[in-house]
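Some notes on the structure that comes next.
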Amino acid sequence: MLDYMDYVVKAFEKQTNWSPDNSYENITATSRSLLNFSIPQSFKFQTSNKSTNHSFNTLELNRGKKINGSLTYLYTDVEGLDSVLQGSNEIALQDATETYRNIQPSFNKHHIPHWGLPSQNDVLQFPPKFIPRSLYLGRLYYPSSVLEAMLIKRLSPYTQLTVKCISSTVRGSNLNYWTLSWQRYKEQNCHEWILSSNDGLCGYRFLHNVITSPSKFNNSLYNNSSLAVGAEFWLSLGSLNPGCSTSLRYCTHSANTGRPLTLTFTWNPLFGHVMSTYSAKTSANSTFTTKYDFNLYSTESNLSFGCEFWKSAGSIEVASNENVINGVAAIPHNEKMDQELLSLNDISTETNITVQDESIKEFTDHQQKYLYDLTKTFESSLQQIDKERSIIEDFENKFNNKQFSSVWKFSTSLMNKNLKILWEGKFKGFLLSAGTELLFKKDDNGIQPIINPSSKFGVKIQYSS
Amino acid sequence: MSFRFNESLFADEKFNDKIKTKLTNLLTKSLVKNKDLSSTTSIDVYNNNVAGSYYSANNTNTTTTKTNNSRSPNFLKDEIKITKVKFPVIPQVEILDMDITTEPRSLIKTIGNISCSNAFIQLETVIESNLLMSTMQTSPSFITPNLIDNNSFKIPITMTFSNIQLEAITNVFMRNHGVSISFNDVSLDFKFDCSIKLLQNTIEKRLKDSIATIFKEVLPSAIFNTSQHWFNQNKSVRKNSIPSTKESSTTIKSENKLILDENDLQDISHENMSRLASIISSRYTLSLHGTNHLTSPYDPNNFINFNGCLERQNLYRFISTMPSLQNFYHINNSTNTLSDKDNHMETHKINNNKIQCTSNNENENYLPQDILDSGNFQLNDIINIQNKLFERNYHNSNNNVQPKRRTVKLKKILSKKQTKQNKINEHTTTIPITPKKQLQESVEETKIENPVAIKLSPRTKEMNKFVDNILNNPLLVTSASNTKKLESPIPSPTLSKSMGFAGLNPYNSLWGEHSNHACTTDITKSHIRRLSTPSPVHIQTPPISPPPYSSTKY
Amino acid sequence: MNFLPSFILSDESKERFTRIFNLTHTVAHYGWIPFVLYLGWSQSSNRPNLLNLLSPLPSV
């Protein structure tokens, strides 16, 4: 379950039109959220409040061995958050928890991200003046009085700067670190430079979205698949430890059923580690993923499985798609052009060319005839495209619009012989999550499951208004 | 104190296995402890991304220690296993000097030389090579970026230490509560081989750099702590097991045995023994009774209060041959009624745990009961023995030690000469002195006028006989000694003579160890009978020597 | 300040620098959250009172 502050930060990113899927960090986000989800430790209670449209705060209480907690304050000057953010009563469970990330490809090479405007469908309009937006977050812990501070600043339409800081004033404590992260997304590439004072860590990563003509990849005409390639290089200057990896991500939809699936492949050349994942949304209520790890040098291998089961309560309501944060990545495609094609399609059924759209009126007769011939030729293909697209979109809408009450997540790893169980749900206006981890140990009696002694069982209750 | 390494033990494979398991357990225990510590504070917390509990758990560390401790990468992923241990050449320990002092505190100081050559140790473990991952796991999750596919990569590693040569000069201080050892002039050389060639040079360099610290700090404190632990745990006779040390290749096997029995002599290193003998003989003295300024270890009153410390060798035998009345008559008299066992027990009582040899020594110088009964004693012998004992004790003394004598005073009834009472024995009785003739008759009839409590003896006859023998012995007149104290009247010298044996209460020997009280009645009688000896002779009584080890009341 | 070679700064100035640095650190540590609150308060059109801003509980 996302913390309220993480939810607000995600909303900020959406409002400033910054897509987190373009960052190399999230190239395996789907499999990570399905396999490596975090289980709450002991008992945690969070209550959050939106004081104004720009200020938010959270109080968190932990009951571990001792009672400890934190108080968080956030301020942002981006507009339109109130329409996006929802309290724990109204929030859709798909937004509150991390789940399958459905990534839409971008066909527009010169896609310019929008910012701060409530509606982002209008690409063709002249981009308005850029207003830099920022977000300030401060979190103070009790009893250790450690401060976590974060500042996110949109410096330009293409760049974002993130500064994170941990500070502690306890004498003799070395808990004073800062991390700078500068991201730049231009055209199809997103570059990131990261610098941290923790052991002098420096890193550079990039992700390249491959945009090709659709027909190269699969048989379906309506191609909604995307391919992304990226790499990262790390070096900790303090102790000279290197880190490196490169990965590939391919998202597509299955041809007949329109169900989305994601394939990733990662290779770590330093330690010879190869990781490949496959995630698929098998129905509107379930998702499956598998991960296979293999080490080239030590030939160790590990197979992991994860799945998600969503349970819905009550009737299915058709809700608006626009406010969904976790849903489809909002990279707009040329809807206007689609609309025109559709309208031309309709023309073919009638003998007369009737002008449906104003823009078509501008075409000359010759051009109109040419368009008519084209649509006639590709009529079946266009219909096919349309059909496929509608299948895919229907499926997405079905998931996004459904009212889910709870979700069960399971994750198991064959080498570690464990089973992680997490239940997340909405109950009477509260967001609840509870989970545990079971370890399977071989006894004389057979395989016995025991609860992991270090994590045991935890419950998290959240309330936000 | 001497020991040498048991050769067969080193050659035995089981010893190597034992060392292996012990070292493995020790290393694993410390490793597991570290792991537990770090896991509760940082690692598991990060895996579950709960920053709050990191801060709260870490708070207990930050106030006292720097968080650098939790940041140190925990790259040992598995237990350290010792796979091979070999000692082709037995380690040697040479004792160069030894100093035993008892006075301010019981302390043994030794300077020794440890040498070990050509030892071999091999260990195996698993290390983590992805150090970036381990540092990231121990860092706060808020500021740590997420890396893709940064998983742990474990590498097994084998380290071989061969041709280990160790030479060190040690100072050992052994106290009542522990052993502290310090190493000087350490030279440790070894050949190091590692399965990962990249790390070989660095590990070797670091090990050689840290040798100095190991021998200066780590080993002495480890040995001190273990010895403290053992000494406090078990104060009676026990055998020490092999103390396991961290990286040194020598193990010292020491056995604490109290009594040097015959079978111990096999394990004695002759070299060490001869050295010890020469050291000890340089401080040799025959003084059995240490005075305070002598601080001799042979003074039982000042003896080393070591639990289980080895006594001067064969001391009991020496003591058993030293003449005292008991020994004399037991040696001479083979048909004594006391069993040999009892005798043995008493003489060996010196060798029990309580080194204070004061137990039961009050009876050392007493005539055995049966001897007295049978009357097989010779007064001359007794006198000689007592003289010798006294001379031994006091020949060195500057101050004139008076022989402690028991005086019996006769209360003056007719005679006007008053006598001062010398209270030597608190139970000294005063006997009224009656004029000669009257006494002769009267005393035989009269009873005791002395109010002092008198225990009537059933052995009147023997006593009379004894006193007769004593008083008739012309040899009573012996060496000159200070008789100032003898201001007692005429009868008393003689009686004192007879009574005044070293600590000797003839009545005690007559009755055994029970009565301290003298029966005066009959003495009076018999004594007074003898009062008719004409002239008061200043008879020098033999010097009374107190019994060697007893704290007598006289 | 250990990384600075001693010939660049004298001991006194190094000590002064360290003191100023620590003071700044403490000020930033305790002043960051009030700064965030101030920003939120100043930007809003109707200046809500402090309690509303601070309280994490749902506002009435």
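Labels below follow one simple rule: chain letters A, B, ... track the order of the sequence lines, proteins then strands, and each chain is numbered from 1.
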Can you check whether Pro140(B) reaches Val146(A) side chain to side chain, under 4.5 Å on heavy atoms?
-> no

Closest heavy-atom pair and its distance - Tyr177(A), Ile143(B) = CB-CD1, 3.2 Å

Answer with side chain, backbone, both or neither: which region of Ser247(A) has an atom nearer than 4.5 Å to a non-hydrogen atom of chain B?
-> side chain

Return the minimal non-hydrogen interatomic distance between Leu137(A) and Phe142(B), and the atom names on each side.
-> CD2-CZ, 4.5 Å

Just list the side-chain donor-acceptor pairs under 3.5 Å for residues 229-241 of chain A, sequence neighbours left out, or say none.
{"from": "Glu232(A)", "atom 1": "OE1", "to": "Trp234(A)", "atom 2": "NE1", "distance (Å)": "2.9"}
{"from": "Glu232(A)", "atom 1": "OE2", "to": "Ser245(A)", "atom 2": "OG", "distance (Å)": "3.0"}
{"from": "Glu232(A)", "atom 1": "OE2", "to": "Ile148(B)", "atom 2": "N", "distance (Å)": "3.1"}
{"from": "Ser236(A)", "atom 1": "OG", "to": "Asp199(A)", "atom 2": "OD2", "distance (Å)": "3.3"}
{"from": "Ser236(A)", "atom 1": "OG", "to": "Ser239(A)", "atom 2": "OG", "distance (Å)": "3.3"}
{"from": "Ser236(A)", "atom 1": "OG", "to": "Asn241(A)", "atom 2": "N", "distance (Å)": "3.4"}
{"from": "Ser239(A)", "atom 1": "OG", "to": "Asp199(A)", "atom 2": "OD2", "distance (Å)": "2.8"}
{"from": "Ser239(A)", "atom 1": "OG", "to": "Asn241(A)", "atom 2": "ND2", "distance (Å)": "2.9"}

Mark yes when over 12 heavy atoms from residues, nucleotides or ligands other than Asp185(B) sit less than 6.0 Å from its CG; otherwise mark no.
-> no

Interatomic distance, Leu147(B) atom CG to Arg205(A) atom CZ [nearest 0.5 angstrom] | 7.0 Å

Side chain, backbone, both or neither: which part of Asn268(A) has a heavy atom under 4.5 Å from chain B?
-> both

Closest approach of Pro145(B) and Ile194(A), non-hydrogen atoms and distance?
-> CG-CG2, 4.4 Å

From SG (Cys244(A)) to CG (Leu132(B)), nearest 0.5 Å | 11.0 Å

Based on non-hydrogen pairs under 4.5 Å, which of Thr179(A), Thr28(A), Leu270(A) is most in contact with chain B?
-> Thr179(A)

If one checks every heavy atom of Cys165(A) against chain B at 4.5 Å, the contacting part turns out to be backbone

Give the member of Arg139(A), Lys164(A), Arg32(A) that has the highest number of heavy-atom pairs under 4.5 Å with chain B.
-> Lys164(A)

Is it the case that more than 12 heavy atoms not belonging to Lys191(B) sit under 6.0 Å from its NZ atom?
-> no

Look up atom CZ in Phe271(A) and atom CD1 in Ile155(B), then write down how far apart they are to the nearest 0.5 Å.
-> 8.0 Å

Asn198(A) and Ser139(B) have their tightest heavy-atom pair at ND2-OG, 2.7 Å

Distance, nearest 0.5 Å, that separates NE2 of His273(A) from OG of Ser152(B) | 8.5 Å

